[in-house]
Protein chains: 2
Amino acid sequence: MIRLLLADDQALVRGALSALLSLESDLEVVAEVGSGDAVLDAVRQHCPDVVLMDVEMPGLDGISGTQQVRAAFPGTRVLIVTTFGRPGFLRRAMQAGASGFVVKDTPAAQLADAVRRVHEGLRVVDPALATDSLVAGESPLTPRETEVLRAARDGSSVAGIASRLFLSEGTVRNHLSAAIGKTHAANRAEAVLTAESNGWL
Amino acid sequence: MIRLLLADDQALVRGALSALLSLESDLEVVAEVGSGDAVLDAVRQHCPDVVLMDVEMPGLDGISGTQQVRAAFPGTRVLIVTTFGRPGFLRRAMQAGASGFVVKDTPAAQLADAVRRVHEGLRVVDPALATDSLVAGESPLTPRETEVLRAARDGSSVAGIASRLFLSEGTVRNHLSAAIGKTHAANRAEAVLTAESNGWL
DNA sequence: TCGGCGACCTGACAAATGTCACGGGGGCTT
DNA sequence: AAGCCCCCGTGACATTTGTCAGGTCGCCGA
C-alpha cells in the first residue's frame with residue numbers, strides 16, 4: 001500500500017484526484033492539504049510515502065515545500081503536479097529534490113503509474129517538457145534583475161519599483177533594460193511575459 | 001440516473017472529476033471532451049442531462065460553448081466549473097444560458113449536489129462570487145476599447161496594435177487612454193491587469 | 001594582485017506613452 | 001430634428017521609458 005498526501009489549493013481538484021487515486025487498489029490517500037504551509041505538518045503527522053504537490057499554492061509555494069519536505073524527511077518522495085509546464089519550474093523542482101514532474105493535461109491513467117514509479121525511486125518527467133527545459137536553459141537574469149522584473153509584474157512605474165526596492169530610478173531602469181535585452185523583448189511587459197512563461201520569476 | 005458530459009482541457013482534472021462523480025450512485029459520466037469545439041458534437045451524440053464546462057479551454061471557450069449548447073439543445077443544462085472567479089465570467093456565463101457557476105476551490109462534496117440542483121432546474125451560484133459580480137458591475141469598456149486592450153495584453157507597442165487592428169496610432173492611443181481612465185489605472189499594463197481580473201477581456 | 005562581474009549610481013538622449021482638445025461621421029433614441 | 005454615444009482621426013504636449021556611456025564599490029577566482 002502506497003500512502004499518499006495531496007497538496008493542492010483547489011479543493012475540487014484535490015477531492016477529485018483523491019477519488020481518482022483511491023480507485024487503485026495499491027494506493028491510499030492518507031491526507032489532503034490546501035496550502036504550502038500545511039504540508040510539512042501533514043507529512044510529520046501522517047508519514048506518507050509520496051507527496052503530490054501543486055506548484056502554485058497560497059502561502060509556501062510547491063518548490064519551497066518540496067525543499068522542506070526533502071530536508072526533514074529524506075525518505076518521502078515528492079511528485080510535482082502542476083498546471084503550467086514552465087521549463088524553469090521543472091528545473092527548480094528537480095533541484096529542490098522532487099522525484100517527478102507531471103503536467104495536469106497528461107491522461108488520468110498515467111498518474112497512478114507515475115506515483116508507483118516515484119515510489120520505487122525512479123524519476124518521472126514529461127519528455128516534451130524536459131526538452132523544453134534544455135532549450136530554454138537556466139535563467140539568464142541576475143538576482144537583482146529578477147527581483148526588479150518581478151516587481152514590474154503589476155504594472156508599476158519605474159518610480160514605484162524604485163521606492164519599493166529602495167533603489168535609484170536610474171538603477172531600476174538599467175536593470176529593466178538588461179532584463180529586456182536578455183529576454184530578447186522590446187518591452188518591459190514583453191520581458192515580464194517571456195520570463196514568466198519560462199518560469200524565471 | 002443523471003447523465004453527465006465533462007468538458008475541461010486538462011486531462012488529469014477531467015479524469016479525476018469523472019472518478020469523483022462516478023462515486024455517486026445517481027450520476028453517470030457518459031462522455032469527456034478536451035476542447036470547446038468538441039462539446040456540441042458530444043452533446044449531439046450522447047444527449048447528456050448536464051454539461052460540466054470549464055471556461056478556459058483551447059478552441060471555443062466555455063462561454064461560447066454554453067451558448068451553442070443552449071441554442072441547439074434547450075433541455076440540456078450547463079454547469080460552469082472554473083478556476084478563476086472572475087466576476088465578468090459569471091455574468092457572461094449566466095447570460096449565455098448557464099444554470100450554475102462553481103469555482104474550483106469549493107469543497108468536492110458540494111459538486112455532486114450542485115449537479116443535482118442544476119438537473120432539477122435550479123440555479124447554483126457561489127454567493128461570494130455573486131456579490132463580487134454585483135460590485136464589479138458590467139464592463140465599462142466599449143467594444144473597441146476592449147479589443148484594443150486585449151491586443152495590448154502581450155506587451156505590443158502602439159504601432160503593433162494599430163497595424164494589427166488597421167487603426168491609426170492616435171486612435172489606439174485614445175482608446176487605450178480611455179480604458180486606462182475607466183479602469184482607474186495609471187498604466188496600460190495596470191489597465192490590462194484589472195480588466196483581466198474582472199473578466200472584462 | 002589583477003581582471004571580471006554584478007550591484008549601484010549619475011547624466012543625457014531619443015523614442016514611446018498618456019493626455020488633451022478638436023474635429024467628422026454614423027447610428028441610436030427621444 | 002436634436003441629442004447622445006461610439007468610432008475614427010489629427011495635432012500638440014508633458015511624462016515616462018529604454019538606451020548608452022560613464023564611474024564607484026565589493027567580491028571572487030586565477
Side-chain angles (χ1 to χ4, degrees), chain A residues 88 91-92 95 136-201, chain B residues 88 91-92 95 136-201:
Chain A
R91 176 184 303 274
R92 282 190 285 163
Q95 280 171 355
E138 207 148 356
S139 172
L141 304 174
T142 68
R144 214 41 166 170
E145 286 161 4
T146 310
E147 200 175 353
V148 171
L149 200 56
R150 198 181 297 151
R153 272 194 293 193
D154 58 357
S156 310
S157 64
V158 171
I161 300 172
S163 75
R164 225 186 316 165
L165 265 54
F166 305 104
L167 289 177
S168 157
E169 298 195 10
T171 306
V172 172
R173 278 219 282 268
N174 286 340
H175 283 309
L176 280 177
S177 183
I180 290 169
K182 289 179 179 177
T183 52
H184 310 293
N187 246 339
R188 179 188 325 196
E190 254 187 45
V192 167
L193 289 181
T194 67
E196 229 165 17
S197 85
N198 282 332
W200 292 342
L201 297 188
Chain B
R91 175 183 305 273
R92 281 188 286 164
Q95 281 172 353
E138 208 149 356
S139 172
L141 304 175
T142 69
R144 213 42 166 170
E145 286 162 2
T146 310
E147 200 174 352
V148 172
L149 200 55
R150 198 179 299 149
R153 270 193 295 192
D154 58 357
S156 310
S157 64
V158 171
I161 301 173
S163 76
R164 226 185 316 166
L165 265 54
F166 305 103
L167 288 177
S168 155
E169 297 195 10
T171 306
V172 171
R173 280 220 282 265
N174 286 339
H175 283 308
L176 280 176
S177 185
I180 290 170
K182 288 179 180 178
T183 51
H184 310 293
N187 245 338
R188 179 190 320 196
E190 253 187 46
V192 167
L193 289 182
T194 68
E196 228 165 17
S197 85
N198 283 332
W200 290 342
L201 297 189

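Only a predicted model underlies this, so the values are computations on that prediction, with no experimental measurement involved. Labels below follow one simple rule: chain letters A, B, ... track the order of the sequence lines, proteins then strands, and each chain is numbered from 1.
One can find a donor-acceptor pair under 3.5 Å joining the base of C/dC20 and the side-chain atoms of B/Asn174.
In this structure, of C/dT19, D/dC7, D/dT19, it is D/dT19 that holds the atom nearest to the side chain of A/Ser177. Residue B/Pro143 places its side chain closer to D/dC6 than to any other of D/dG18, D/dC6, D/dC8. Taking every side-chain heavy atom of B/Thr142 into account, D/dC6 is the closest of D/dG18, D/dC6, C/dC8. Closest to the side chain of B/Thr171, from the set C/dT17, D/dG9, D/dG18, is D/dG9. Checking D/dC8, C/dG18, C/dC9 against every side-chain atom of B/Leu167, the shortest atom distance belongs to D/dC8. In the set C/dA7, D/dT17, C/dC9, C/dC9 carries the atom at the smallest distance from any side-chain atom of A/Ser168. The side chain of A/Asn187 lies closest to D/dG18 when the candidates are C/dC9, C/dA7, D/dG18.
Residue contacts for A/Arg144: at a heavy-atom cut-off of 4.0 Å it reaches the sugar-phosphate backbone alone, with no base atom in range.
Toward the 5' end of DNA chain D, the nearer of the two residues B/Pro140 and B/Phe166, judged by each one's closest nucleotide, is B/Pro140. Residues A/Arg188 and B/Glu145 each lie close to DNA chain D; by heavy-atom proximity, the contact nearer the 5' end of the strand is made by B/Glu145.
One atom, CD of A/Glu190, and another, P of C/dT17, lie 11 Å apart when rounded to the nearest Å. Rounded to whole angstrom, the span from the CD1 atom of A/Ile180 across to the C1' atom of D/dC20 amounts to 14 Å. Per the geometry, NZ belonging to B/Lys182 stands 11 Å off P belonging to D/dC5, to the nearest Å. Rounded to an integer number of Å, the gap from B/Leu149 CG to C/dT17 C1' is 15 Å. Between the CG atom of B/Leu176 and the C1' atom of D/dT16 there is a distance of 15 Å, rounded to whole Å. When the C1' atom of C/dA16 is taken as reference, atom CD of B/Glu169 falls 10 Å away, rounded to whole Å. Rounded to whole Å, the distance from CZ on B/Arg173 to P on C/dA21 is 16 Å. The nearest whole Å value for the distance from the CG atom in A/Leu141 to the C1' atom in C/dC5 is 16 Å.
Contact detail for A/Gly155 and B/Leu193: the closest heavy-atom pair is N-CD1, 4.3 Å. Of all heavy-atom pairs spanning A/Ala151 and A/Leu165, the tightest one is CB-CD1, 4.2 Å.
Side-chain contact between A/Trp200 and A/Thr183: present, with at least one pair of heavy atoms (C-beta onward) separated by less than 4.5 Å. In this structure the side chain of B/Arg144 reaches within 4.5 angstrom of the side chain of B/Leu167, judged on heavy atoms.
When each of B/Asp154, B/Thr146, B/Val148 is checked for a side chain to side chain contact (heavy atoms under 4.5 Å, CB included) with B/Arg150, only B/Thr146 meets the rule.
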